[in-house]
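Each chain gets a letter, A, B and so on, in the order its sequence line appears, and its residues count up from 1. These numbers were taken from a predicted model, which means no experiment stands behind them.
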There are 2 protein chains.
Amino acid sequence: MSNVSNPAPGTRDFILDVSVSLFAQTGYDGVSMRNIAKRVGISAAALYHHFPNKESLYLGAMAHAFADKARAISETAGAGATPQERLHGFVDRFTALMAEDPDFRHLLQRELIDGDESRLRLVAEHVFREPFEAISALSRDLDPNCDPHMLAISMAGLILFHFETAPVRRFLPGVREGHDSPAMISEHVKRLLSRALLLTK
Amino acid sequence: MSNVSNPAPGTRDFILDVSVSLFAQTGYDGVSMRNIAKRVGISAAALYHHFPNKESLYLGAMAHAFADKARAISETAGAGATPQERLHGFVDRFTALMAEDPDFRHLLQRELIDGDESRLRLVAEHVFREPFEAISALSRDLDPNCDPHMLAISMAGLILFHFETAPVRRFLPGVREGHDSPAMISEHVKRLLSRALLLTK
DNA sequence: GTCTATAGCCTGATAGAC
DNA sequence: GTCTATCAGGCTATAGAC
């Protein structure tokens with residue numbers, strides 16, 4: 001499920017749910033206030049009762065989509081006794097998290113291209129700092145000689161890039177059923193990272 | 001340099017150069033025909049003498065930006081005697097290629113989110129099939145037990161994700177000067193992949 | 001090959017009734 | 001809190017002069 005909440009129509013939360021979905025699909029410039037209003041079931045003017053302008057609505061939608069993600073991602077990197085167990089737990093759960101919320105992933109992708117400095121700083125501090133520190137700590141334990149910042153980026157990217165490229169990979173040679181599945185992605189990434197970092201098996 | 005050519009103003013090639021740059025920066029919906037015309041130095045109506053509509057201009061700009069990229073990327077994966085040499089050559093040159101052409105990278109990122117099926121098929125067949133096969137072949141030589149399609153994606157993603165996240169990484173903990181540099185990125189990726197795939201060092 | 005002018009539509013946003 | 005009506009302006013695209 002893309003969004004957990006299921007509020008009654010007409011409320012501010014429902015507007016945010018609709019907005020998250022539309023902004024994720026076609027981006028800020030690809031969605032009009034009229035589009036959103038129609039999907040919500042109210043007039044465009046009514047939207048301005050809940051949000052002063054389009055940008056505020058967009059920022060509200062971002063906050064709505066990213067709420068509680070910070071802790072959820074952080075927790076993927078924490079549990080487990082050995083570094084190997086923590087690595088496998090992180091890969092499994094981070095992969096599942098990205099698979100179950102495409103809207104979050106798409107908003108993130110869009111923000112990486114279009115986000116201005118202030119918006120990226122906001123997202124970095126309120127959403128990614130906490131989980132990134134957890135993944136960095138795991139990186140430090142896995143390979144003390146490797147830059148933890150770069151290794152954390154690599155671990156996340158290894159997982160995310162398989163999702164990002166899914167729309168185009170279906171037209172590339174060697175593709176097989178299941179290449180898009182969370183199970184296959186996490187298995188592949190675990191195998192790669194285990195051998196690179198733990199030198200076992 | 002983002003674009004090699006440096007044609008005289010007013011020509012079709014100059015329109016394409018300008019369009020590539022603008023579409024890469026703000027996306028299809030973020031650029032108007034008037035924007036492009038102004039930067040080219042002609043009226044919007046004159047644009048329609050060279051291209052029948054906005055979408056044609058966009059597709060022309062894509063073809064222009066992606067021209068010769070296929071072979072350039074393919075060649076990054078070919079040379080070298082041992083698989084290890086080929087791996088290092090691929091990582092070094094692919095990283096350099098992505099660093100020297102941000103427009104290409106941004107258009108690619110945007111196409112992965114917004115491209116419809118026909119456009120993605122076009123890009124896949126005319127730009128990525130050839131280099132992807134070269135990288136897949138390298139993957140097969142590096143690790144015959146690993147799915148070459150997935151490994152090829154992982155190798156490219158490991159490099160690209162460091163560029164993609166550069167705008168937000170500067171606000172994340174542990175960042176250091178040079179984390180964005182091609183040299184540091186390729187060193188990091190080579191180290192990671194060498195240990196994962198060759199089990200040496 | 002480029003121009004000005006314009007058609008027709010969509011945009012974000014507001015005014016004011018209910 | 002939602003509506004209809006509307007404003008001012010931007011959009012793609014075209015017509016027709018030069």
A:Phe132 and A:Phe128: CA distance, side-chain angles, deciding distance, ring-ring contact (aromatic ring centres under 6.0 Å, His included) verdict:
CA-CA 6 Å; A:Phe132 191 79; A:Phe128 290 115; 8.7 Å; no
In whole angstrom, give the distance that lies between atom OH of A:Tyr28 and atom P of C:dT11.
13 Å
The side chain of A:His50 is closest to which nucleotide in this list: C:dT4, D:dG1, C:dT2?
D:dG1
At less than 4.0 Å, is any side-chain N or O atom of A:Ser32 found next to OP1 or OP2 of C:dC10? Yes or no.
no
Phosphate contact (C:dC3 OP1 or OP2) by B:His49 side-chain N/O below 4.0 Å
no
Distance test, side-chain N/O of B:Ser43 to OP1/OP2 of C:dC3, below 4.0 Å
yes
Would you kindly give the NZ-to-C1' distance between B:Lys38 and D:dG10, to the nearest whole Å?
13 Å
Can you tell me if B:His162 and A:Ser154 form a side-chain donor-acceptor pair at under 3.5 Å?
yes
Classify the angle between the aromatic ring planes of B:Tyr28 and B:Phe23 as parallel (below 30°), tilted (30 to 60°) or perpendicular (above 60°).
parallel
Could you check which of C:dA5, D:dT4, C:dT2 has an atom nearest any side-chain atom of B:Ile42?
C:dT2
Give the rounded distance in Å between these two atoms: CD1 of B:Ile36 and P of D:dC11.
11 Å
Would you mind telling me which of C:dT2, D:dT2, D:dT14 lies closest to the side-chain atoms of B:Tyr48?
D:dT14
So if I take every side-chain heavy atom of A:Arg34 and compare against C:dT11, C:dT2, D:dC3, which nucleotide ends up nearest?
C:dT11
Between C1' on D:dT14 and CG on B:Leu47, what's the gap in Å once rounded to a whole number?
14 Å
Tell me the interatomic distance from A:Asn53, atom CG, to C:dA13, atom P, rounded to whole angstroms.
5 Å
For A:Ala45 and A:Asn35, take the nucleotide of DNA chain C holding the closest heavy atom to each; which residue's nucleotide lies nearer the 5' end?
A:Asn35
To the nearest angstrom, how far is B:Lys54 atom NZ from D:dG10 atom C1'?
11 Å
Which value, rounded to the nearest 0.5 Å, describes the distance between B:Phe163 atom CZ and B:Gln109 atom CD?
11.0 Å
